[in-house]
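Both backbone and side-chain heavy atoms feed into the values below; hydrogens, waters and symmetry mates do not. Bear in mind that the values here come from a model prediction, so they are computed numbers and not experimental data.
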Amino acid sequence: MGTDDFADEGGHRDVPGSAVAIRSRITLHLNAETRSLTVDHRATLLDVLREDLGLTGAKKGCDHGQCGACTVLVDGRRANSCLLPAVAQDDREITTVEGLHGPDGREPHPLQQAFLERDAFQCGYCTPGQICSAVGMLAEAAQGHPSAATAPGPHPNGPAALDRTEIRERLSGNLCRCGAYPNIVAAVEDAHAAAPAQEVSR
(Lines give C-alpha, C1' and ligand atoms only; values in the text may rest on other atoms or scores of the structure.)
Protein backbone atom coordinates (compact mmCIF):
# COMPACT_ATOMS: atom_id res chain seq x y z
CA MET A 1 0.00 0.00 0.00
CA GLY A 2 1.50 3.33 -1.08
CA THR A 3 1.03 6.80 0.29
CA ASP A 4 -1.45 7.62 -2.47
CA ASP A 5 -3.83 5.01 -1.01
CA PHE A 6 -4.58 7.47 1.79
CA ALA A 7 -5.26 10.42 -0.56
CA ASP A 8 -8.72 11.82 -1.15
CA GLU A 9 -10.01 13.03 -4.51
CA GLY A 10 -8.12 16.31 -4.12
CA GLY A 11 -4.83 14.52 -3.53
CA HIS A 12 -4.74 15.40 0.19
CA ARG A 13 -3.43 12.77 2.59
CA ASP A 14 -4.16 11.80 6.18
CA VAL A 15 -1.52 10.06 8.27
CA PRO A 16 -2.66 6.47 9.00
CA GLY A 17 -3.25 5.87 12.68
CA SER A 18 -2.82 9.54 13.57
CA ALA A 19 -5.36 11.34 15.76
CA VAL A 20 -4.12 14.69 14.51
CA ALA A 21 -6.23 16.27 11.76
CA ILE A 22 -4.12 17.67 8.95
CA ARG A 23 -7.00 18.93 6.81
CA SER A 24 -9.84 21.37 7.41
CA ARG A 25 -12.84 22.63 5.51
CA ILE A 26 -12.65 26.35 4.75
CA THR A 27 -14.72 28.88 2.87
CA LEU A 28 -13.14 31.59 0.74
CA HIS A 29 -14.96 34.58 -0.70
CA LEU A 30 -12.94 34.43 -3.86
CA ASN A 31 -13.33 36.96 -6.68
CA ALA A 32 -16.95 37.67 -5.67
CA GLU A 33 -17.80 33.96 -5.45
CA THR A 34 -18.02 31.76 -2.36
CA ARG A 35 -15.89 28.64 -2.61
CA SER A 36 -15.69 25.89 0.03
CA LEU A 37 -13.00 23.26 -0.05
CA THR A 38 -10.88 21.03 2.16
CA VAL A 39 -7.26 22.13 2.50
CA ASP A 40 -4.15 20.56 3.92
CA HIS A 41 -2.94 22.51 6.93
CA ARG A 42 0.50 22.71 5.34
CA ALA A 43 -0.75 24.23 2.07
CA THR A 44 -0.21 27.90 1.32
CA LEU A 45 -2.91 30.09 -0.15
CA LEU A 46 -0.82 30.31 -3.33
CA ASP A 47 -0.76 26.55 -3.76
CA VAL A 48 -4.49 26.24 -3.10
CA LEU A 49 -5.28 28.98 -5.61
CA ARG A 50 -3.11 27.44 -8.30
CA GLU A 51 -3.40 23.70 -7.70
CA ASP A 52 -6.89 23.28 -6.24
CA LEU A 53 -8.83 26.19 -7.70
CA GLY A 54 -7.13 26.60 -11.08
CA LEU A 55 -6.36 30.30 -10.63
CA THR A 56 -2.86 30.51 -12.03
CA GLY A 57 -2.53 34.31 -12.26
CA ALA A 58 -0.61 34.52 -8.98
CA LYS A 59 2.85 33.12 -9.66
CA LYS A 60 5.33 31.20 -7.54
CA GLY A 61 8.59 33.12 -7.90
CA CYS A 62 10.84 32.92 -4.86
CA ASP A 63 8.42 31.08 -2.51
CA HIS A 64 9.88 33.18 0.34
CA GLY A 65 7.78 36.35 0.15
CA GLN A 66 10.61 38.36 -1.38
CA CYS A 67 9.61 38.88 -5.03
CA GLY A 68 5.90 39.76 -4.94
CA ALA A 69 4.92 37.57 -7.90
CA CYS A 70 2.30 35.86 -5.74
CA THR A 71 0.61 39.07 -4.54
CA VAL A 72 -3.16 38.91 -4.04
CA LEU A 73 -5.61 41.03 -2.06
CA VAL A 74 -6.84 39.65 1.27
CA ASP A 75 -9.71 41.65 2.72
CA GLY A 76 -8.61 44.47 0.42
CA ARG A 77 -4.99 44.50 1.59
CA ARG A 78 -2.13 43.20 -0.56
CA ALA A 79 -0.40 40.09 0.71
CA ASN A 80 2.17 37.53 -0.41
CA SER A 81 0.06 34.41 -0.86
CA CYS A 82 3.11 32.14 -0.73
CA LEU A 83 3.47 33.00 2.99
CA LEU A 84 -0.17 32.61 4.02
CA PRO A 85 -1.42 29.27 5.37
CA ALA A 86 -4.58 28.58 3.42
CA VAL A 87 -6.35 27.21 6.50
CA ALA A 88 -5.96 30.61 8.20
CA GLN A 89 -7.87 32.37 5.40
CA ASP A 90 -11.25 30.90 6.27
CA ASP A 91 -14.11 33.34 5.61
CA ARG A 92 -11.78 36.00 4.20
CA GLU A 93 -12.25 37.94 0.97
CA ILE A 94 -9.58 37.02 -1.57
CA THR A 95 -9.10 38.86 -4.86
CA THR A 96 -6.69 37.58 -7.47
CA VAL A 97 -5.82 39.18 -10.80
CA GLU A 98 -8.57 37.07 -12.38
CA GLY A 99 -11.11 38.90 -10.22
CA LEU A 100 -10.13 42.42 -11.27
CA HIS A 101 -12.30 44.24 -13.81
CA GLY A 102 -13.56 47.64 -14.80
CA PRO A 103 -16.56 49.42 -13.25
CA ASP A 104 -18.98 47.76 -15.68
CA GLY A 105 -17.72 44.28 -14.84
CA ARG A 106 -16.73 43.51 -18.44
CA GLU A 107 -13.89 45.84 -19.38
CA PRO A 108 -10.34 45.42 -18.01
CA HIS A 109 -9.53 47.02 -14.69
CA PRO A 110 -8.07 50.54 -15.15
CA LEU A 111 -4.66 49.29 -14.05
CA GLN A 112 -4.78 46.36 -16.45
CA GLN A 113 -5.64 48.75 -19.27
CA ALA A 114 -2.85 51.12 -18.25
CA PHE A 115 -0.32 48.26 -18.20
CA LEU A 116 -1.36 47.36 -21.75
CA GLU A 117 -1.18 50.92 -23.01
CA ARG A 118 2.20 51.57 -21.39
CA ASP A 119 3.63 48.16 -22.36
CA ALA A 120 4.51 47.76 -18.68
CA PHE A 121 5.78 44.21 -18.94
CA GLN A 122 8.11 42.01 -20.93
CA CYS A 123 7.90 38.32 -20.05
CA GLY A 124 4.73 38.99 -18.01
CA TYR A 125 5.55 36.58 -15.18
CA CYS A 126 5.47 39.26 -12.49
CA THR A 127 2.63 41.28 -14.03
CA PRO A 128 -0.34 39.79 -12.09
CA GLY A 129 1.47 40.45 -8.81
CA GLN A 130 2.48 43.94 -9.93
CA ILE A 131 -1.13 44.80 -10.79
CA CYS A 132 -2.61 43.37 -7.58
CA SER A 133 0.03 45.17 -5.56
CA ALA A 134 -0.71 48.44 -7.36
CA VAL A 135 -4.43 48.05 -6.64
CA GLY A 136 -3.68 47.53 -2.95
CA MET A 137 -1.16 50.36 -2.91
CA LEU A 138 -3.62 52.85 -4.39
CA ALA A 139 -6.16 51.85 -1.73
CA GLU A 140 -3.56 52.43 0.99
CA ALA A 141 -2.68 55.84 -0.47
CA ALA A 142 -6.37 56.75 -0.74
CA GLN A 143 -6.68 56.03 2.98
CA GLY A 144 -3.76 58.34 3.72
CA HIS A 145 -1.17 55.76 4.72
CA PRO A 146 2.39 57.17 4.47
CA SER A 147 5.38 55.31 3.05
CA ALA A 148 9.10 55.41 3.72
CA ALA A 149 9.32 58.05 0.96
CA THR A 150 6.70 60.31 2.52
CA ALA A 151 8.20 63.52 3.88
CA PRO A 152 8.27 63.63 7.71
CA GLY A 153 6.01 65.99 9.58
CA PRO A 154 2.29 66.42 10.10
CA HIS A 155 0.07 65.16 7.31
CA PRO A 156 -3.45 66.35 6.58
CA ASN A 157 -6.26 63.88 6.62
CA GLY A 158 -7.15 62.52 3.21
CA PRO A 159 -5.38 60.70 0.37
CA ALA A 160 -1.59 60.61 0.26
CA ALA A 161 0.01 62.42 -2.65
CA LEU A 162 1.56 60.06 -5.18
CA ASP A 163 4.52 61.07 -7.30
CA ARG A 164 7.00 58.78 -9.03
CA THR A 165 9.19 58.48 -5.94
CA GLU A 166 6.21 57.48 -3.82
CA ILE A 167 5.00 54.93 -6.37
CA ARG A 168 8.44 53.36 -6.69
CA GLU A 169 8.78 53.06 -2.92
CA ARG A 170 5.30 51.69 -2.40
CA LEU A 171 5.80 49.03 -5.11
CA SER A 172 9.36 48.16 -4.10
CA GLY A 173 8.27 44.76 -2.80
CA ASN A 174 7.43 43.62 -6.33
CA LEU A 175 10.41 42.67 -8.45
CA CYS A 176 10.57 42.69 -12.25
CA ARG A 177 13.54 40.72 -13.48
CA CYS A 178 13.03 42.14 -16.97
CA GLY A 179 13.46 45.69 -15.65
CA ALA A 180 10.15 47.15 -16.82
CA TYR A 181 10.01 49.48 -13.81
CA PRO A 182 9.79 52.81 -15.69
CA ASN A 183 6.72 51.70 -17.62
CA ILE A 184 5.16 50.09 -14.53
CA VAL A 185 5.46 53.38 -12.66
CA ALA A 186 4.05 55.27 -15.65
CA ALA A 187 1.11 52.86 -15.88
CA VAL A 188 0.26 53.35 -12.22
CA GLU A 189 0.53 57.12 -12.67
CA ASP A 190 -1.86 56.97 -15.62
CA ALA A 191 -4.44 54.86 -13.80
CA HIS A 192 -4.24 57.03 -10.71
CA ALA A 193 -4.68 60.22 -12.73
CA ALA A 194 -7.49 58.91 -14.93
CA ALA A 195 -9.94 57.77 -12.26
CA PRO A 196 -10.83 58.44 -8.63
CA ALA A 197 -8.69 56.42 -6.24
CA GLN A 198 -11.69 54.53 -4.89
CA GLU A 199 -12.48 53.22 -8.39
CA VAL A 200 -8.91 52.25 -9.32
CA SER A 201 -8.39 50.51 -5.98
CA ARG A 202 -11.24 48.04 -6.45
Side-chain angles (χ1 to χ4, degrees), residues 29 31-32 57-59 61-62 64-84 92-202:
H29 305 291
N31 296 336
K59 298 297 190 289
C62 65
H64 292 285
Q66 296 176 348
C67 73
C70 66
T71 303
V72 299
L73 301 174
V74 179
D75 292 337
R77 300 295 298 272
R78 50 188 172 158
N80 292 322
S81 60
C82 74
L83 298 181
L84 300 179
R92 303 188 84 173
E93 183 177 330
I94 311 295
T95 304
T96 69
V97 71
E98 291 93 341
L100 297 177
H101 52 73
D104 65 358
R106 296 186 301 273
E107 297 296 321
H109 186 278
L111 274 163
Q112 293 171 319
Q113 188 62 42
F115 267 62
L116 288 170
E117 292 174 357
R118 284 287 187 172
D119 197 22
F121 47 83
Q122 288 188 39
C123 77
Y125 194 83
C126 73
T127 304
Q130 298 277 1
I131 291 174
C132 284
S133 185
V135 171
M137 179 274 286
L138 290 176
E140 293 164 14
Q143 294 163 9
H145 296 296
S147 77
T150 304
H155 299 285
N157 294 329
L162 290 180
D163 57 17
R164 290 196 166 205
T165 300
E166 280 280 355
I167 293 171
R168 283 195 294 265
E169 171 60 32
R170 290 171 184 265
L171 293 180
S172 61
N174 289 78
L175 304 183
C176 174
R177 290 172 174 85
C178 299
Y181 298 114
N183 288 12
I184 291 171
V185 172
V188 175
E189 279 188 310
D190 289 351
H192 178 59
Q198 63 268 26
E199 292 185 9
V200 180
S201 58
R202 290 174 183 169

*When rounded to the nearest 0.5 angstrom, what distance separates CD in Glu107 from CD in Gln113?*
7.5 Å
*Where is the tightest heavy-atom contact between Ala114 and Asp190, given as atom of each residue plus distance?*
CB-CB, 4.5 Å
*If every non-hydrogen atom of Cys67 is compared with every non-hydrogen atom of Gly61, which pair is closest and at what distance?*
SG-CA, 3.8 Å
_Does Leu100 form a side-chain contact (heavy atoms from CB on, under 4.5 Å) with Leu111? I'd like the steps, not just the answer._
CA-CA 9 Å; Leu100 297 177; Leu111 274 163; over 6 Å; no
*Please determine, by modelled atom types, if Gln143 and His145 share a side-chain donor-acceptor pair under 3.5 angstrom.*
yes
*Should His192 and Leu138 count as side-chain neighbours, where that means a heavy-atom distance under 4.5 Å?*
yes
*In this structure, which one of Asn31, Asp75, Leu73 forms a side-chain contact (heavy atoms from CB on, under 4.5 Å) with Glu93?*
Asp75
*Quick one: closest heavy-atom pair of Ala160 and Arg170, and the distance?*
CB-NH2, 3.6 Å
*For Glu169 and Ser147, work out which heavy atoms get closest and say how close.*
CG-OG, 3.8 Å
_Check: Tyr125 side chain, Lys59 main-chain N or O, donor-acceptor pair, under 3.5 Å_ = no
_With side-chain contact (heavy atoms from CB on, under 4.5 Å) as the criterion, how do Glu189 and Arg164 come out once you've worked through the C-alpha distance, each side chain's angles and the decisive distance to 0.1 Å?_
CA-CA 8 Å; Glu189 279 188 310; Arg164 290 196 166 205; 2.8 Å; yes
*State whether the side chain of Asn183 and the backbone N or O of Ala186 hold a donor-acceptor pair below 3.5 Å, judged by distance alone.*
no
*Ile184 vs Phe115, side-chain contact (heavy atoms from CB on, under 4.5 Å): CA-CA, chis, key distance, verdict*: CA-CA 7 Å; Ile184 291 171; Phe115 267 62; 3.9 Å; yes
*Main-chain N/O of Gly129 paired with Asn174 side-chain donor or acceptor, under 3.5 Å*: yes
*How far apart are the closest heavy atoms of Leu83 and Gly65, and which atoms are they?*
CD1-CA, 3.7 Å
*Val135 pairs by side-chain contact (heavy atoms from CB on, under 4.5 Å) with which of Gln130, Arg78, His109, Gln112?*
His109
*Given side chains that start at C-beta, do those of Asn80 and His64 come closer than 4.5 Å, heavy atoms only?*
no
*What heavy-atom pair brings Pro128 and Gly124 nearest, and what distance separates the two atoms?*
CD-O, 3.5 Å
*Determine whether Leu171 and Tyr181 make a side-chain contact, defined as any pair of heavy atoms from C-beta on separated by less than 4.5 Å.*
no
*List the steps, then state whether side-chain contact (heavy atoms from CB on, under 4.5 Å) holds for Ile167 with Met137.*
CA-CA 8 Å; Ile167 293 171; Met137 179 274 286; 4.3 Å; yes
_Pairwise distance SG(Cys70) to CG(Leu84) - rounded to 0.5 angstrom_ = 8.0 Å
